[in-house]
Amino acid sequence: MKFRELGLSEDLLKAIEDKGFKEATPIQAETIPLTLQGKDVLGQAQTGTGKTAAFALPIIEHVDLDNPNVQALVISPTRELAIQTQSEISRFGKEKGVKAVSVFGGSDIRRQIQSLKRRPQIVVGTPGRLLDHINRKTLKLDHVKTLVLDEADDMLDMGFLDDIESIIKQVPEDRQTLLFSATMPAQIKRVGVQFMKDPQQVTIKAKELTTDLVDQYYIRVKQFEKFDIMTRFFDIQAPKVTIVFCRTKRRVDEVSKGLLLRGYRAAGIHGDLTQNRRSQIMKDFKNDKIDVLVATDVAARGIDISSVTHVYNYDITQDSESYVHRIGRTGRAGRHGVSMTFVEPNETSYLRDIEKLTKVRMLPLKPPSADEALKGQLEVATKEIGSLIEKTKMDAFADSAEELLAQYDAKDLVSVLLSKMTRNQVKVHISAEKPLPNKNKRGHGGGYRGNRGGGNHRRNGGGYRGNRGGGNGNNRRRYSGNGNHRDDHKNGGRSSNGKRPNKSFTIKNKD
DNA sequence: AAAAAAT
């Protein structure tokens with residue numbers, strides 16, 4: 001479906017073309033006409049299929065440039081998402097002359113007040129700071145025509161709901177209400193439709209809730225070996241742009257420190273950091289200054305960095321919806337992605353719950369051995385040598401090279417080079433966490449029975465526990481990386497200065 | 001049980 005057929009004006013069509021969009025995605029094609037008609041819309045579609053543009057374009061279309069009031073309000077669950085959404089709206093609205101601003105906590109409120117005074121027609125914000133502005137009377141919502149709850153199921157969940165209700169009270173009754181998300185549990189949808197009038201539900205039907213652009217794997221691990229196993233996968237898969245999700249802020253700190261010690265260009269992000277730091281890290285990740293972003297669920301939703309190749313769930317999610325959003329950070333806008341989920345022995349029920357929601361079976365992988373990991377590193381190093389030979393100015397080193405070749409065996413010299421190009425396995429200890437509570441959900445006996453690996457999974461040799469009941473033999477495939485689908489990795493995330501710490505380091509548990 | 005979100 002072409003954007004031109006959706007009833008958008010020339011200004012917007014030009015902005016869409018500038019952005020490089022060719023055809024409307026299904027969610028855009030189906031919701032944009034409804035939204036343009038002024039209907040309330042509940043839009044559900046897979047991650048990475050352009051939901052932001054789906055609500056942004058008709059909102060911009062509806063903006064009356066002669067009306068000095070805020071005409072549309074978008075509420076987002078995280079600050080980073082608010083920033084991103086505002087900037088996408090601004091890009092689309094530039095041609096028409098539409099102004100959008102974002103307001104969120106942790107950053108100078110006076111500056112935000114100034115930007116609100118410049119009469120934006122569209123405001124994007126996080127709940128707490130929006131309420132702050134409302135109370136200060138620096139934001140007036142009494143002329144809002146369209147209200148959007150982005151990541152609607154998150155915004156309507158407990159923890160956000162009270163704030164959302166307070167904000168909605170400030171918006172006129174006869175507004176248009178739009179709810180968008182990739183996930184929408186039934187009980188939350190019931191809450192949501194109470195804020196809507198004659199809601200038009202658009203659900204882009206897909207066999208699976210997750211996009212098939214992401215290959216989903218899981219690995220059974222013990223807690224104490226998880227960090228080492230993850231970095232072995234790094235060695236073998238040579239992931240280029242990577243997000244590692246952890247369950248808690250402290251784990252994010254520990255894992256990101258550990259990765260730094262191993263020589264990866266990694267940084268952690270979570271809600272206890274200052275907003276300046278959060279923004280800096282997002283910027284570094286986008287600008288390729290960081291290869292591995294270690295994050296809590298603060299980065300699980302909405303963040304659109306289409307170059308992300310791998311998502312590692314260092315800690316599995318308890319909340320299946322959260323899993324869908326996490327792995328949706330990759331496989332965006334038609335690109336391919338890989339997700340890797342580590343499952344501790346007592347977490348099997350979470351794996352089952354996730355698969356029940358996504359309707360996708362994750363494929364089991366065996367943890368690589370240290371030898372296999374080294375082999376992976378050597379493969380990367382070998383490829384790197386080719387490009388280094390092209391790039392290095394040889395003249396400066398030629399004489400020393402001659403001397404060394406006269407003195408030593410060439411094979412020894414190259415071995416030294418390779419040993420310098422591979423990563424030292426600095427010892428890193430990540431603290432254990434309290435095990436997750438055992439879920440004995442009532443009424444959980446119905447239907448789905450994974451029957452993985454058969455009941456008798458003791459002593460199965462090296463942790464390969466795959467081969468669940470319905471497999472087709474194809475899930476014996478081992479590593480997802482490095483196969484036929486990616487030759488563009490540069491250096492597998494290795495810091496380029498060649499300096500690697502080699503002391504052992506334990507990250508202490510503060511308790 | 002955790003994370004997010006105002007100071």
Side-chain angles (χ1 to χ4, degrees), chain A residues 73-85 102-113 116 123-139 149-168 170 181 183 188 223 243-255 268-279 281-282 293-303 313-326 329 344 346-347 349-350 353-354 431-441 511:
Chain A
L73 175 67
V74 181
I75 314 180
S76 301
T78 65
R79 298 166 184 176
E80 284 72 22
L81 187 53
I83 295 167
Q84 176 186 294
T85 304
S102 55
V103 299
F104 48 85
S107 90
D108 186 8
I109 196 159
R110 284 163 304 176
R111 280 236 295 276
Q112 289 177 3
I113 292 171
L116 289 170
V123 171
V124 185
T126 50
R129 184 55 70 89
L130 282 170
L131 282 172
D132 199 351
H133 281 294
I134 290 167
N135 293 333
R136 289 165 186 255
K137 312 225 184 292
T138 49
L139 174 62
L149 300 189
D150 196 10
E151 305 295 344
D153 56 329
D154 205 12
M155 307 308 307
L156 294 165
D157 206 352
M158 275 150 26
F160 270 133
L161 187 57
D162 288 349
D163 284 353
I164 296 302
E165 283 181 326
S166 308
I167 295 169
I168 292 183
Q170 306 298 317
S181 184
T183 54
I188 296 205
Q223 190 278 140
I243 304 180
V244 174
F245 283 106
C246 301
R247 186 180 298 127
T248 64
K249 298 168 191 169
R250 196 168 78 194
R251 291 271 267 215
V252 165
D253 290 336
E254 291 175 342
V255 170
I269 186 167
H270 58 64
D272 278 354
L273 306 182
T274 65
Q275 189 52 41
N276 275 344
R277 179 107 181 100
R278 283 169 63 164
S279 299
I281 287 166
M282 289 306 293
L293 182 71
V294 186
T296 58
D297 278 341
V298 70
R301 283 178 179 256
I303 300 305
N313 288 308
Y314 187 86
D315 297 309
I316 194 171
T317 54
Q318 317 88 309
D319 175 33
S320 301
E321 276 78 21
S322 171
Y323 172 89
V324 172
H325 292 279
R326 281 180 176 189
R329 295 319 96 213
E344 295 179 28
N346 61 335
E347 294 171 336
S349 70
Y350 293 103
D353 287 352
I354 290 167
S431 69
E433 294 219 328
K434 273 185 288 183
L436 289 170
N438 243 336
K439 285 205 309 195
N440 285 320
K441 267 202 255 163
D511 291 343

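Atom set for the values below is all heavy atoms of this structure, side chains included, hydrogens, waters and symmetry mates excluded. All chains are named by letter (A, B, ...) in the order of the sequence lines, taking the proteins before the strands, and each is independently numbered beginning at 1.
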[X] has an atom [atom1]; how far is it from atom [atom2] of [N], in whole Å?
X: A:Arg301; N: B:dA5; atom1: CZ; atom2: P; value: 13 Å
X: A:Tyr350; N: B:dA1; atom1: OH; atom2: P; value: 11 Å
X: A:Met158; N: B:dA1; atom1: CE; atom2: C1'; value: 12 Å
X: A:Arg251; N: B:dA1; atom1: CZ; atom2: P; value: 17 Å
X: A:Phe160; N: B:dA2; atom1: CZ; atom2: C1'; value: 13 Å
X: A:Gln275; N: B:dT7; atom1: CD; atom2: C1'; value: 14 Å
X: A:Asp297; N: B:dA1; atom1: CG; atom2: P; value: 17 Å
X: A:Ile164; N: B:dA4; atom1: CD1; atom2: C1'; value: 11 Å

Among [options], find the nucleotide with the atom closest to the side chain of [X].
X: A:Arg129; options: B:dT7, B:dA5, B:dA4; result: B:dT7
X: A:Thr248; options: B:dA2, B:dT7, B:dA5; result: B:dA2
X: A:Gln318; options: B:dA6, B:dA4, B:dA1; result: B:dA1

- prompt: Rounded to the nearest 0.5 Å, what separation is found between the CD1 atom of A:Ile164 and the CG atom of A:Leu156?
  reply: 7.0 Å
- request: Rounded to the nearest 0.5 Å, what's the gap from CZ on A:Phe160 to CG on A:Asp154? Could you check?
  value: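 Atom-to-atom, A:Phe160:CZ and A:Asp154:CG are 5.5 Å apart.
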Across the strands shown, which category fits [X] at heavy-atom distances under 4.0 angstrom: base, sugar-phosphate, nothing?
X: A:Phe104; value: sugar-phosphate
X: A:Arg136; value: nothing
X: A:Gly271; value: sugar-phosphate

Does [X] make a side-chain N or O approach to OP1 or OP2 of [N] shorter than 4.0 Å?
X: A:Arg79; N: B:dA6; result: yes
X: A:Arg247; N: B:dA1; result: no
X: A:Thr296; N: B:dA2; result: no

statement: Residues passing the side-chain contact (heavy atoms from CB on, under 4.5 Å) test with A:Asp272, sequence neighbours excluded, are A:Lys249, A:His270
query: Tell me the salt bridge (charged side-chain N to carboxylate O under 4.0 Å, His left out) pairs involving residues 103-113 of chain A, sequence neighbours left out?
result: A:Asp108-A:Arg110
- request: State whether a side-chain donor-acceptor pair under 3.5 Å links A:Asp153 with A:Thr183.
  value: yes
